[in-house]
Amino acid sequence: MSNEKMISTIILTNGHEERLKSSIDSIINQDYPNKELIIVSTKSSEMLDEYEINPMIKIHIKPELSGSKVRNFALNQVEGEYVFFIDPQDTLLNDQSLSQLYKDMEDNNSNFLSTAFITLRDGIFYFGEPQEDVNLITTDDYWFYFVKIREIRPIYRKLFGKELLNNLSVDIKSDQQFVKYLILNAKNPIFDKKESGKYVWFDTGKRQSLDLDRNAIPMPKYLSDLSIEKNDIDECINIAICIDDNYCQHINPMVYSIEKNTREKVRIHIVYYKLKAKSLENIIKLNELLTNVELKLCKVREYQYDWLSKFKENNLPTEAYFRLLLPELLPDVKRILYLDVDMLVLDNLGELYRTDLGNNILGVVRDFPFTNDKNSWSYFLLGEFGNRYFNSGMLLMDLVAMRGNNIVSRFMEFILKTSQHYLLGDQDAFNIFFFYNVKILEDKYNYIAENQKILQKTNLKVVVMHYCGYSNPKPWLIYNDGSEYVQPTIRLYREYQRKINKLISNNPKVLLVVQENRYNLNQVIESIDYQNYGNYEVAFIPLKENSNAEILKKDYPQITIIKSRNDLERMVGSADYLYYMKNTSYFSEWDAISRLVDSAIEKAADYIIASHQVFSMKYGNYQVQHESNKLIDISDRALEDLIIEKPVIFTQNEGFLVRKEILRKSNSSISRDMPDATMHSRIFNNAERKYLYDRLLWIKVDFEN
């Protein structure tokens with residue numbers, strides 16, 4: 001290594017640190033040949049005197065200097081082309097550390113390197129995960145490094161070119177500001193994580209804090225050159241939702257809620273890349289029912305999708321980023337209200353849509369579950385401004401200003417360079433990039449369902465209800481959190497869902513007959529309540545003694561409690577199909593009824609039985625059988641043979657959908673008195689067109705075996 005440039009290592013000390021000798025020796029013993037060591041101490045000591053004869057070491061005793069003046073004095077003594085700072089309490093990992101750091105910097109054509117460190121605490125080394133990465137630090141993401149990586153913050157562990165000091169025209173007081181200056185003026189600055197680090201940091205609990213100095217390292221203004229002119233707002237309220245096939249099946253309640261609660265003309269732009277025929281058919285049917293709302297399809301182009309697909313540093317689907325393209329996708333729209341699909345609109349949107357944004361690009365609402373908790377991600381990311389962290393599920397966007405300031409390409413470039421630092425995907429990107437350019441709006445315009453649990457208050461008098469939060473209260477999932485404050489909000493969503501799906505499909509009526517049991521009753525009823533099928537009723541047969549029917553009725557008003565045989569016969573008479581549930585069984589999929597009815601209609605079937613799983617309370621595990629996900633014609637099969645072949649399915653007197661006429665033809669009445677095997681045998685044998693839907697649509701809970 002005879003041709004390597006000189007590295008000047010600097011130790012700033014008081015001359016009496018416990019491990020100062022080890023720190024000095026770790027530099028002396030480095031195999032890097034062309035080096036010098038500059039020691040600037042505020043006090044003299046006998047230990048420092050021992051090194052006076054070493055020609056590689058220059059010792060300066062400067063009691064009159066303090067703070068940044070000590071650092072600046074040391075830098076003025078440097079003769080090497082590169083500078084490396086080491087804390088007097090630390091050491092390098094081995095004799096090759098300096099050589100390896102120099103090589104990593106040279107290999108990356110860089111003149112600034114910050115290295116990870118290994119912690120030594122109570123005699124034990126704490127290594128990070130083995131790494132091979134050397135990450136480039138850019139002018140876009142340097143701030144994220146300061147926020148998330150404590151090794152970046154101190155001046156120690158930095159190897160940099162002396163030429164970076166040539167343009168330093170002001171006295172920088174803070175070490176963190178000094179490091180920031182080096183990064184922003186360096187060529188290809190890097191963070192070196194190879195082998196978990198080459199620097200040993202001694203953790204004694206008494207050292208200077210490695211916390212971020214947010215005054216020294218404020219969030220950058222990524223849109224400092226923003227130019228905004230006052231523009232007219234579209235007469236029609238323009239809303240954008242972004243979907244794929246998965247999200248498309250959830251748009252109906254939200255769109256219907258806008259139709260019912262917004263008095264003005266609304267145009268909803270449905271942004272998508274690819275949709276199956278079933279999804280497009282649903283949108284067409286939905287559009288035909290609406291009077292106040294118009295649905296317009298807006299397709300993302302191939303090159304745009306490819307562009308967005310580059311954002312693969314987190315788990316979000318590409319469709320989640322479609323909202324970034326709205327200024328380009330909707331060139332004739334002046335303002336857009338972006339809404340996530342998992343929302344209900346419960347009041348008129350006109351006031352929100354016409355909000356004066358001032359000199360801001362976005363209108364947003366704080367993400368209360370984060371901003372309410374000072375230990376949350378928002379405060380880690382934004383410090384004292386953590387209370388401004390907003391939820392990106394509702395964005396009121398000035399598209400004219402965004403187009404005029406080339407926001408799309410600038411924002412996309414920013415995300416490409418910073419997305420590896422995010423916890424919450426593009427929500428973090430929106431918060432950082434637009435931090436200085438947002439207007440904070442009232443909570444009612446993006447009221448997160450989880451707020452109600454935090455505040456212990458159900459609030460249905462909001463404009464936009466958003467079904468997100470820590471407990472993931474998606475109305476199309478079984479909600480087992482048990483929050484009495486969130487549950488009414490979920491039921492409200494499901495009411496909208498049932499109403500619009502009934503209007504769209506005009507499907508036959510299904511009567512779900514449920515026998516009360518002592519166990520798992522809330523799970524059973526909740527699994528019914530979350531079904532997306534629009535046209536069903538629930539006949540609830542209570543226990544004769546100690547029934548919880550009235551309590552259940554309070555929470556689930558769509559349930560009819562059967563008090564007499566006439567009540568049940570009346571409900572059976574108005575139904576087209578019956579589905580029988582008993583004991584502790586519950587639906588495991590939100591569209592189980594829809595799948596069974598669709599299959600029955602497709603095959604003109606009298607009887608369809610579904611596969612299921614069995615959960616053993618005794619052993620705490622699932623018995624999961626193989627499923628083919630096929631409709632299998634069993635019309636010519638004998639029940640006795642099927643019981644032998646698939647006993648788990650065909651010995652159950654439940655889990656099947658049957659036409660009402662078959663029930664009457666088989667002379668079977670629903671009661672607790674008829675044996676299960678007798679009832680099922682009669683129904684099966686009187687049905688002509690019979691199918692097995694080999695998909696695990698429900699779960700039987702076994703409390704005994």
Side-chain angles (χ1 to χ4, degrees), residues 138 140-141 222-223 226 234 236 238-251 254-255 267-280 282-284 287 294-343 361-362 364 391-422 424-434 437-438:
T138 71
D140 287 294
D141 75 346
Y222 294 101
L223 295 173
L226 203 61
D234 312 274
C236 172
N238 284 283
I239 295 174
I241 59 177
C242 302
I243 65 169
D244 57 9
D245 285 306
N246 180 50
Y247 284 114
C248 188
Q249 61 185 332
H250 299 303
I251 69 172
M254 192 256 271
V255 171
R267 184 177 295 115
I268 300 180
H269 304 268
I270 300 179
V271 182
Y272 74 102
Y273 174 58
K274 288 181 180 178
L275 290 176
K276 295 178 181 177
K278 184 177 180 181
S279 297
L280 292 170
N282 178 69
I283 293 171
I284 292 170
N287 204 21
E294 175 190 7
L295 303 182
K296 292 194 69 175
L297 291 171
C298 179
K299 183 172 172 46
V300 173
R301 296 181 179 179
E302 194 81 32
Y303 78 90
Q304 293 170 321
Y305 189 84
D306 291 342
W307 194 10
L308 295 176
S309 298
K310 297 176 182 178
F311 306 149
K312 291 302 181 186
E313 284 78 6
N314 53 63
N315 296 323
L316 284 177
T318 301
E319 285 75 13
Y321 291 102
F322 284 176
R323 56 187 153 185
L324 310 182
L325 299 173
L326 291 175
E328 290 186 358
L329 294 172
L330 305 172
D332 299 323
V333 177
K334 298 175 182 177
R335 173 175 286 196
I336 200 75
L337 176 62
Y338 167 79
L339 297 176
D340 273 354
V341 170
D342 58 342
M343 290 179 160
I361 291 280
L362 304 176
V364 299
N391 181 279
S392 61
M394 187 287 293
L395 299 170
L396 185 61
M397 308 169 72
D398 184 343
L399 299 188
V400 175
M402 295 181 80
R403 286 189 287 264
N405 290 276
N406 195 26
I407 295 298
V408 171
S409 61
R410 294 167 69 177
F411 193 24
M412 302 280 266
E413 189 68 23
F414 170 79
I415 292 177
L416 279 173
K417 292 180 179 178
T418 61
S419 56
Q420 70 269 23
H421 301 289
Y422 304 156
L424 298 175
D426 67 332
Q427 178 161 295
D428 288 343
F430 271 104
N431 270 273
I432 302 303
F433 190 77
F434 293 103
N437 309 104
V438 298

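- Atom CD1 of residue Ile239 and atom CE of residue Met394 lie 11.5 Å apart, to the nearest 0.5 angstrom.
- Residues Glu302 and Tyr273 bring a donor and an acceptor atom of their side chains to less than 3.5 Å of each other.
- Atoms CG and CZ, on Asp140 and Arg410 in that order, are 10.5 Å from each other to the nearest 0.5 Å.
- Contact of the Ile415 side chain with the Leu324 side chain is registered, since non-hydrogen atoms from C-beta on lie closer than 4.5 Å.
- Judged by distance alone, the side chain of Asn391 and the main-chain N or O of Gly393 form a donor-acceptor pair under 3.5 Å.
- Proximity of a side-chain donor or acceptor of Asp234 to a complementary backbone N or O of Arg335 within less than 3.5 Å is detected.
- Between the CG atom in Leu329 and the CZ atom in Arg301 there is a gap of 8.5 Å [rounded to 0.5 Å].
- The heavy-atom pair separating Val341 from Cys242 by the smallest distance is CG2-O, 4.0 Å.
- Side-chain contact check for Met402 versus Ile361: some heavy-atom pair is nearer than 4.5 Å.
- Note: Phe434 and Phe411 meet the aromatic proximity criterion, with ring centroids under 6.0 Å apart.
- A distance of 6.5 Å separates CE in Met254 from CD1 in Ile268, rounded to the nearest 0.5 Å.
- Asp398 CG to Ile336 CD1: the interatomic distance, rounded to the nearest 0.5 Å, is 11.5 Å.
- Side-chain contact between Asn282 and Ile251: present, with at least one pair of heavy atoms (C-beta onward) separated by less than 4.5 Å.
- Note that OH of Tyr338 and CZ of Phe430 are 8.5 Å apart. Values are rounded to the nearest 0.5 Å.
- The shortest non-hydrogen separation linking Arg267 to Cys236 is N-SG, 3.5 Å.
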The test is salt bridge (Lys or Arg N to Asp or Glu O under 4.0 Å); show your working for Asp426 and Arg323 and say whether it passes. CA-CA 10 Å; Asp426 67 332; Arg323 56 187 153 185; 2.9 Å; yes
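- A side-chain donor-acceptor contact under 3.5 Å links Asn287 to the backbone of Leu295.
- The neighbour count for Lys274 NZ, taken as heavy atoms of other residues, nucleotides or ligands under 6.0 Å away, does not exceed 12.
- For the pair Val271 and Leu330, the minimum side-chain heavy-atom distance is 4.5 Å or more.
- Counting only N and O atoms by type, the side chains of Asp245 and Ser279 include a donor and acceptor under 3.5 Å apart.
- With contacts defined as side-chain heavy-atom distances shorter than 4.5 Å, the pair Asp428/Thr418 does not qualify.
- Using cut-offs of 30° and 60° for the angle between ring planes, the Tyr422 and Phe414 rings count as tilted.
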Asn246 and Glu319: CA distance, side-chain angles, deciding distance, side chain to side chain contact (heavy atoms under 4.5 Å, CB included) verdict: CA-CA 10 Å; Asn246 180 50; Glu319 285 75 13; over 6 Å; no
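- Side chains of Ile243 and Ile283 form a contact here, defined as non-hydrogen atoms less than 4.5 Å apart.
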Could you give me the CA-CA distance, side-chain angles and deciding distance for Lys334 and Asn238, then say whether side chain to side chain contact (heavy atoms under 4.5 Å, CB included) is met? CA-CA 9 Å; Lys334 298 175 182 177; Asn238 284 283; over 6 Å; no
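- Side-chain atoms of Asn431 come within 3.5 Å of backbone atoms of Gln427 as a donor-acceptor pair (strictly under, hydrogens ignored).
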